[in-house]
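Only one structure is covered here, and it is reproduced in the block below.
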2 protein chains.
Amino acid sequence: MPEDSLSKVFAALADPTRRDIVARLADGDATVGELAEPYDVSVQAVSKHLKVLEDAGLVTRSRQAQRRPVHLEAEVFDLMEKWIERYRRKAEERYRRLDRVLAELASEDTPHRDEGNAS
Amino acid sequence: MPEDSLSKVFAALADPTRRDIVARLADGDATVGELAEPYDVSVQAVSKHLKVLEDAGLVTRSRQAQRRPVHLEAEVFDLMEKWIERYRRKAEERYRRLDRVLAELASEDTPHRDEGNAS
DNA sequence: CGCGAATTCAACCAGATGGTTGACAACGGC
DNA sequence: GCCGTTGTCAACCATCTGGTTGAATTCGCG
């Protein structure tokens, strides 16, 4: 049970339909019906998808008569990017360090002249 | 569907244990046993997690005697960030535009045509 | 050669997920 | 005031997921 928010966000975006919904909402708010129209699934299924996105904090739904316009919340993206950036940077840094070590080893190993590099 | 690889990556990171594994691998490669040690689950469970991460392209496993050192691949992060950045930017851009329109509407009373958001 | 350590494979199980259909709540237009 | 539109709730179903245990595999080492 992913109670933590990052898990919910990643899980929400792990579904292609939901990612597509997010993509379309980036162009503007839309109602459930409008969102459901292009897909080959029931409106209920899309409503469920929206609930997942809402629980993840990716969208909000207001009330406008019997319609529920869906709105994309961009803030959550920051949460993800922060996480990703953190470990990407670490990994790259480590990679550069390793690269340097390998370069050193390579230059030492280069058999330009007789080297007795035993062990 | 190249979209599907994105699904795998997001799904892989939707699990707290797997995110923690990624976090630890950012500090350096590790074996399955080492990775499993801090968690209260069997080594087999961790092995499964690693398979998920590997299928998502987040880690690679080499072979070193009977050990399988696990290595973090940072490239996949780019894929995610590209996706996120794209829609975050769009949403923010739209927000700024909306803001401007609202400001206009507020200052002059002239009713404009409805902007954007066709079906 | 064979034991033991590291890891994966296989079968199984509980619970989450994504889809369906059917009923119902809320509201605007006649 | 009713009716159709919009959306959610509920029950149900198949499949996926994350965990378990137990057996198999792959090696280094004495």
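Treat the numbers as computed from the prediction; the structure is a model and nothing was measured. Each chain gets a letter, A, B and so on, in the order its sequence line appears, and its residues count up from 1.
The nearest heavy atom of DNA chain C to A/V43 and to B/G33 marks one nucleotide each, and the one closer to the 5' end goes with B/G33.
Side-chain N/O atoms of B/S47 include none lying less than 4.0 angstrom from OP1 or OP2 on C/dT7. Between B/R63 and D/dC27 there is a side-chain polar atom (N or O) within less than 4.0 angstrom of OP1 or OP2. Side-chain N/O atoms of B/R67 include none lying less than 4.0 angstrom from OP1 or OP2 on C/dT7. Using a 4.0 Å cut-off, no side-chain N or O of A/H49 falls inside it from OP1 or OP2 of C/dT17. Residue B/S42 places none of its side-chain N or O atoms closer than 4.0 Å to OP1 or OP2 of D/dG19. At C/dT7, none of the side-chain N or O atoms of B/R61 fall inside 4.0 Å of OP1 or OP2 (strictly under the cut-off).
Computed from coordinates, the B/L50 CG to D/dT17 C1' distance equals 16 Å when rounded to whole Å. Between the CZ atom of A/R18 and the P atom of C/dT17 there is a distance of 9 Å, rounded to whole Å. Spacing between atom OH of B/Y39 and atom P of D/dG18 amounts to 14 Å, rounded to whole angstrom units. As a whole-Å value, the separation of B/R19 CZ from D/dG18 P is 12 Å. If you measure from atom CZ of B/R68 to atom P of D/dC27, you get 10 Å, rounded to the nearest angstrom. Straight-line distance from the NZ atom of A/K48 to the P atom of C/dG22: 15 Å, rounded to whole Å. Residue A/E54 contributes atom CD, which lies 12 Å from atom C1' of D/dT8 at whole-angstrom precision. Look at NZ on A/K51: it is 10 Å from P on D/dT8, rounded to the nearest Å.
When all heavy atoms are compared, the tightest approach of A/L58 to A/A12 is CD1-CB, 4.0 Å.
One side chain, B/R19 or A/S7, offers a donor N or O that lies under 3.5 Å from an acceptor on the other.
Of the listed nucleotides (C/dT21, D/dG19, C/dT8), C/dT21 has the atom at the smallest distance from the side chain of A/Q44. The side chain of B/D15 lies closest to D/dG18 when the candidates are C/dG19, D/dG18, C/dT8.
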For this session: Please test A/R88 against B/E81 for salt bridge (charged side-chain N to carboxylate O under 4.0 Å, His left out), starting from the C-alpha separation and ending with a verdict.
Result: CA-CA 10 Å; A/R88 194 179 71 128; B/E81 285 203 315; 3.6 Å; yes
Exercise. When you look at B/E92 and B/Y87, which way does the side-chain contact (heavy atoms from CB on, under 4.5 Å) test go after all the steps?
Worked result: CA-CA 8 Å; B/E92 280 168 355; B/Y87 297 113; over 6 Å; no
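The shortest distance between side-chain heavy atoms of A/L35 and A/V32 does not fall below 4.5 Å.
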